[in-house]
Amino acid sequence: MGLRLSAFCLLVSGPLTASTAESAVLVEALTSNGAAIEAGLRVGDTIERCTSGTRVGASAELATPISLIRCEESAAGETAVLWVERDGETLRIDIGPGAWGIEARPRLDSEATAELARLGRAVRDDDATATEAVLVSLRGSLEASPERLVWLDLHHASLLEESGDIEAAERALERAARDARASSDPDLVLAAVDARLAGCDARGAPPAECAEIAEKAAEAAAELGEESLVYAARLHALALRRRVTGDWDEAVRHFEHALEIRRRHPPDLRMADTLGELSYQAYRRNEPELADELFAEAIAIARRIDPRDLRTGRILQRRGFAVMSRGDVEEARRIWTEARDIFEELGESQQVGVVLANLSVLEHRAGDVQRAYELLRRALELIEPGSHREALIRANLSTLSIERGRLAEAQELIREAHETLLRLGVSDLAESYSMLGHAARARGDLAAAEEAYLAALEQARKLGMPRGIAGQLHNL
């Protein structure tokens with residue numbers, strides 16, 4: 001959970017309130033494929049301030065440790081500007097849109113820098129006494145700066161998470177939230193909530209729990225301005241989480257709100273991403289004309305700005321489902337193959353796995369069960385173990401295993417998938433119960449099949465899924 005400049009956007013407008021020496025941040029690491037290296041930034045540089053035109057009105061100037069560390073890529077077609085101190089000179093470095101790949105921390109005096117190194121050693125050595133002593137010392141030296149106190153809390157949480165002490169990391173994040181609220185600074189509150197959300201994801205918490213934190217992040221972002229792109233980004237992220245928990249209407253509402261804000265700004269890839277999500281939701285609601293209209297706008301923006309961007313691939317990936325549902329298998333194959341190529345070029349193995357799973361569906365519909373099975377097995381190797389996606393792939397593999405006559409394998413696959421979905425508490429339980437029923441029926445256990453189908457029916461009714469309800473009634 002290291003704090004990286006490419007992670008989130010926190011833009012602060014208005015005049016500088018601290019001297020350069022107090023607000024600057026030190027660049028500690030640069031990723032090899034980040035845009036910052038191409039722009040000329042180096043490890044050891046001190047970023048004094050940053051401007052970016054990604055907020056309503058004039059360019060926003062960023063000049064606190066938190067805001068600089070959490071400065072994000074600029075909007076499409078815009079350039080973020082860093083003023084950097086190097087060897088006693090101040091340089092201007094322009095960074096275009098894209099992932100910057102910068103790790104930074106506040107610039108500290110020599111004593112505080114040494115204390116920070118001692119904190120890292122104490123956490124790695126699991127020395128609670130030494131850790132607390134160093135923290136007390138550091139907090140004492142930084143207490144005049146709320147931004148630095150919150151940064152210290154977040155840095156401590158990151159160290160704890162890296163050491164494997166997730167519970168202690170959670171406590172550090174809670175302290176960050178308390179320090180942020182005490183400062184009455186909405187920027188710091190958002191920073192702390194974002195970090196809690198990242199921690200929630202890192203420890204694999206149930207999606208519903210993370211969705212509640214995402215709700216708080218959106219509320220905190222609204223305090224920065226209800227027409228800001230920061231708020232739109234948090235609404236989009238919240239919508240994605242509500243979709244996973246099965247709150248489809250809430251998800252659509254948040255996507256629509258995010259789009260409403262983005263339409264007041266120049267089109268960019270984030271706007272295209274939101275349009276793509278709404279297109280997919282329209283397809284799910286059986287509104288093909290609206291789905292087509294939204295997709296056309298989304299892909300036009302994406303192709304104009306960056307046809308090989310991750311978000312362009314995601315828009316294509318979602319579009320494939322709508323095309324497949326209309327029976328145009330070859331067009332769906334073309335779209336998903338293009339998405340796969342983009343993800344492979346970007347090194348996004350998780351997304352490649354998802355596309356392979358989609359292509360497996362096409363092979364299955366074409367009657368090539370063996371090819372479909374092979375694609376799903378390849379997808380399983382790429383997907384994060386224990387994740388929602390892995391559970392869905394295992395569930396689909398179980399169906400193919402039944403068709404191939406491998407009933408024991410099918411039963412084990414669907415059992416593992418079902419346990420993961422139960423643990424995560426996501427909205428696909430109706431389908432996994434149904435697959436449990438199929439496996440039981442295939443092995444001749446009709447009582448177990450009926451029990452599973454009834455559970456699937458209950459889940460489908462709970463989520464308001466008309467097709468799912470009809471499907472389970474047919475199974476029964």
With no hydrogens and no angle check, just 3.5 Å: does a side-chain donor-acceptor pair link Thr245 and Asp247? yes
Does a side-chain heavy-atom distance below 4.5 Å link Thr337 with Val355? no
Quick check on Asp127: does its CG atom have over 12 non-hydrogen neighbours (other residues, nucleotides or ligands) under 6.0 Å away? yes
Between OG on residue Ser401 and CD on residue Gln411, distance to nearest 0.5 Å: 11.0 Å
Within-4.5 Å side-chain heavy-atom neighbours: Leu238 and Lys216: no
A side-chain contact here means heavy atoms from C-beta on lying under 4.5 Å apart; do Val252 and Arg285 qualify? yes
Within the side chain of Glu250, is there an N or O that forms a donor-acceptor pair under 3.5 Å with the backbone of Ala239? no
Does a side-chain heavy-atom distance below 4.5 Å link Arg314 with Glu277? no
Taking NZ, NE, NH1 and NH2 as the nitrogens, is one of them in Glu297 or Arg263 under 4.0 Å from a carboxylate oxygen of the other? yes
Side chain proximity check, Tyr373 to Arg406, heavy atoms < 4.5 angstrom: yes
Can a salt bridge be assigned to the pair Glu170 and Arg175 using a cut-off of 4.0 Å between side-chain N and carboxylate O? no
Between Thr312 and Ile299, does a side-chain contact (heavy atoms from CB on, under 4.5 Å) hold up when you go through it step by step? CA-CA 7 Å; Thr312 306; Ile299 200 63; 4.2 Å; yes
Going by atom types alone, do Gln351 and Arg340 pair a side-chain donor with an acceptor below 3.5 Å? no
In terms of side-chain geometry, is the basic nitrogen of Arg415 or Glu419 positioned less than 4.0 Å from the acidic oxygen of its partner? yes
Assess whether a salt bridge exists between Glu374 and Arg377, defined as any Lys/Arg side-chain N lying under 4.0 Å from an Asp/Glu carboxylate O. no
Tell me if the centroids of the rings in His257 and Tyr231 come within less than 6.0 Å of each other. yes
How many angstroms lie between atom CG of Leu278 and atom NE2 of His236, to the nearest 0.5 angstrom? 9.0 Å
For the pair Tyr283 and Tyr280, name the ring-plane relationship: parallel under 30°, tilted 30 to 60°, perpendicular over 60°. tilted
Output yes when Glu215 and Arg241 qualify as a salt bridge under the 4.0 Å nitrogen-oxygen rule, no when they do not. no
Heavy-atom count around Asp249 CG within 6.0 Å, excluding the residue itself: above 12? no
Taking CD in Glu289 as the centre, count heavy atoms belonging to other residues, nucleotides or ligands within less than 6.0 Å. Is the count above 12? no
In this structure, CG of Leu159 is separated from OG1 of Thr131 (nearest 0.5 Å) by 9.0 Å
Please report the interatomic distance CG(Leu229) to CE(Met271), rounded to the nearest 0.5 Å. 11.0 Å
Given side chains that start at C-beta, do those of Asp268 and Arg262 come closer than 4.5 Å, heavy atoms only? yes
Between the side chain of Thr420 and the main-chain N/O of Glu416, is any donor-acceptor distance below 3.5 Å? yes
If every non-hydrogen atom of Ile315 is compared with every non-hydrogen atom of Ala272, which pair is closest and at what distance? CD1-O, 3.4 Å
CG-CZ distance between Leu235 and Arg253, expressed to the nearest 0.5 angstrom: 9.0 Å
Do the charged groups of Glu338 and Arg303 touch, with an N to O distance under 4.0 Å? yes
Strictly below 4.0 Å, N to O, side chains only: are Arg378 and Glu381 in salt-bridge contact? no
Hey, are the side chains of Val43 and Glu28 touching, using non-hydrogen atoms and a 4.5 Å cut-off? no
Test of ring centre spacing under 6.0 Å for Trp336 and Phe321: yes
Below 4.5 Å, heavy atoms only, C-beta onward: do Met324 and Val329 meet side chain to side chain? no
In terms of side-chain geometry, is the basic nitrogen of Glu174 or Arg171 positioned less than 4.0 Å from the acidic oxygen of its partner? no
Between Arg311 and Asp309, is there a salt bridge with N-O shorter than 4.0 Å? yes
Determine, step by step, whether Arg319 and Glu331 satisfy the salt bridge (charged side-chain N to carboxylate O under 4.0 Å, His left out) criterion, reporting the C-alpha distance in whole Å, the side-chain angles of both residues, the deciding distance to 0.1 Å, and the verdict. CA-CA 10 Å; Arg319 179 60 176 174; Glu331 177 64 7; over 6 Å; no
Does a donor on one side chain and an acceptor on the other come within less than 3.5 Å for His265 and Glu227? no
Of Leu316, Asp306, Val352, which is the lone residue that meets side-chain contact (heavy atoms from CB on, under 4.5 Å) with Ile342? Leu316
side-chain contact (heavy atoms from CB on, under 4.5 Å) between Asp273 and Leu269: does it pass, once the steps are laid out? CA-CA 6 Å; Asp273 203 13; Leu269 284 169; over 6 Å; no
Does a sphere of radius 6.0 Å around CZ in Arg42 hold more than 12 heavy atoms from other residues, nucleotides or ligands, not counting ones at 6.0 Å or beyond? no
Could you tell me whether Arg284 sits above the aromatic face of Trp248, with NZ or CZ closer than 6.0 angstrom to the six-membered ring centre and within 45 degrees of the axis? yes
